[in-house]
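The residues of the chain are indexed from 1 along the displayed sequence.
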Amino acid sequence: MAWDEWEQAKSSSAQTRLNQLPADGGGGSGGGGKDDLTVHDDELGKLGDMARSLRDQLSTDGDHARAATFDASNQLFNDGLTMGSGLLEVHDAWSTKLATLKEACAHISNHLDYSRSTHAQQEKKIVTGMQSLDGKTMTVSRIYDQFK
C-alpha cells in the first residue's frame with residue numbers, strides 16, 4: 001500500500017464512528033463525563049415512589065368516569081341508539097389502556113425496588129467478600145501488597 005493510500009484510509013476511518021463517543025470525548029446528550037452511569041440509591045427510591053404514586057393516582061382518577069360511561073352506553077343501547085355500542089367500545093378501550101398504563105407503572109416501580117435490593121446485596125458481598133485471614137477488609141492497596 002502506498003503512503004498516500006494509507007493516509008486516505010486513516011482519514012476515512014477517523015470520520016466513521018459507530019456507537020462511539022465523539023472525538024472530543026464528550027458524552028453527547030447525556031452530559032458526558034465519568035458520572036454518566038452513576039445512579040444513587042436515593043434517586044432510584046424517589047423514582048420508584050413516583051411510579052407507585054402515579055399508579056395509585058391512575059387507579060383512582062383514571063377510573064372516575066368508567067361506571068358512568070358504562071351505564072350511559074347501556075342506556076343508549078337499550079334505547080335503540082347505535083351510539084351506545086360505540087360508547088361501550090370507548091369504555092372498553094379506555095379500561096384496557098388504563099390497565100396497561102397502571103401495569104407499566106407497577107413494573108417500573110417493582111424493577112427499581114429490585115434493582116436497589118440487588119445492588120445493595122452485591123455491594124455488601126463485594127465489601128465483605130475480600131477479607132484477609134485476620135478479618136480485615138482487603139482494599140486494592142492491601143491486595144496489591146500481597147502480590148509483591
Side-chain angles (χ1 to χ4, degrees), residues 1 4-132 135-144:
M1 174 181 286
D4 292 336
E5 292 172 314
W6 171 248
E7 287 298 320
Q8 187 178 12
K10 282 191 341 184
S11 174
S12 67
S13 69
Q15 294 172 1
T16 304
R17 294 187 174 272
L18 300 176
N19 293 328
Q20 294 182 2
L21 293 175
D24 64 0
S29 62
K34 63 183 178 181
D35 294 329
D36 279 355
L37 298 178
T38 300
V39 177
H40 301 280
D41 190 55
D42 59 336
E43 290 173 352
L44 290 177
K46 288 177 188 175
L47 290 171
D49 290 344
M50 288 170 60
R52 189 175 303 108
S53 175
L54 179 57
R55 185 195 183 283
D56 294 343
Q57 189 175 355
L58 285 168
S59 293
T60 56
D61 295 344
D63 205 33
H64 281 305
R66 185 187 53 78
T69 304
F70 185 75
D71 291 343
S73 68
N74 278 336
Q75 186 64 40
L76 290 168
F77 185 78
N78 290 338
D79 288 344
L81 298 172
T82 57
M83 190 170 102
S85 61
L87 189 56
L88 184 59
E89 286 183 35
V90 170
H91 166 272
D92 292 346
W94 176 260
S95 295
T96 301
K97 299 298 182 192
L98 180 62
T100 302
L101 187 55
K102 290 185 334 187
E103 191 67 30
C105 290
H107 181 71
I108 290 168
S109 177
N110 291 341
H111 179 72
L112 291 172
D113 287 345
Y114 175 79
S115 295
R116 290 177 67 199
S117 172
T118 302
H119 180 264
Q121 290 170 0
Q122 289 175 345
E123 193 68 21
K124 182 178 178 183
K125 184 178 178 182
I126 290 168
V127 169
T128 61
M130 291 288 292
Q131 295 180 347
S132 62
K136 293 181 182 175
T137 302
M138 294 293 289
T139 62
V140 173
S141 60
R142 292 191 66 215
I143 293 170
Y144 179 74

*Could you pull out the closest heavy-atom pair between Ser109 and Gly48, with the gap in Å?*
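What the structure gives for the nearest pair is OG-O, 3.4 Å.
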
Identify the two heavy atoms, one from Leu98 and one from Gly62, that lie closest to each other, and give their separation to 0.1 Å.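 Nearest pair, atom of Leu98 first, then Gly62: CD2-O, 3.2 Å.
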
Roughly how far, to the nearest 0.5 Å, is [atom2] of [Y] from [atom1] of [X]?
X      : Y      : atom1 : atom2 : answer
Thr118 : His111 : OG1   : NE2   : 9.0 Å
Cys105 : Asn110 : SG    : CG    : 11.0 Å
Ser95  : Leu88  : OG    : CG    : 9.0 Å
Met50  : Ile108 : CE    : CD1   : 10.5 Å
Leu54  : Ser59  : CG    : OG    : 9.5 Å

field: Residue pairs fulfilling salt bridge (Lys or Arg N to Asp or Glu O under 4.0 Å) with at least one residue in residues 101-117, sequence neighbours excluded
entry: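 Passing the test, one end in residues 101-117: Asp41-Arg116, Arg52-Asp113.
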
request  = Hey, could you give me each pair passing salt bridge (Lys or Arg N to Asp or Glu O under 4.0 Å) that has a residue in residues 88-98? Not counting sequence neighbours.
outcome  =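 Applying salt bridge (Lys or Arg N to Asp or Glu O under 4.0 Å) to every pair that reaches into residues 88-98, excluding sequence neighbours, yields nothing.
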
So, the side chain of Ser53 versus the backbone of Asp49: is there a donor-acceptor pair under 3.5 Å, distance only?
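Side chain of Ser53 to backbone of Asp49, a donor-acceptor pair under 3.5 Å: no, none is there.
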
Quiz item: Ser85 side chain to Thr82 main-chain N or O, any donor-acceptor pair under 3.5 Å?
Solution: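 Yes; at least one donor-acceptor contact below 3.5 Å.
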
- [ ] Could you tell me which residues satisfy side-chain contact (heavy atoms from CB on, under 4.5 Å) with Leu76, sequence neighbours excluded, listed by chain and number?
- [x]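 Checked Leu76 against side-chain contact (heavy atoms from CB on, under 4.5 Å); matches are Leu81, Met83, Leu87.
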
Practice item. Can you run down the ring-ring contact (aromatic ring centres under 6.0 Å, His included) pairs that involve residues 67-102, sequence neighbours left out, and say none if there aren't any? Key: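 Pairs touching residues 67-102 that pass the test: Phe70-His91.
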
Item to complete: Return the set of residues passing salt bridge (charged side-chain N to carboxylate O under 4.0 Å, His left out) with Asp63 (not counting sequence neighbours), or none when no residue passes.
Response: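 With neighbours one apart ignored, the set is Arg66.
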
Exercise for the section: Please list, chain by chain and in numerical order, all residues satisfying side chain to side chain donor-acceptor pair (under 3.5 Å) with Asn78, sequence neighbours excluded. Expected result: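 Side chain to side chain donor-acceptor pair (under 3.5 Å) list for Asn78, sorted by chain: empty.
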
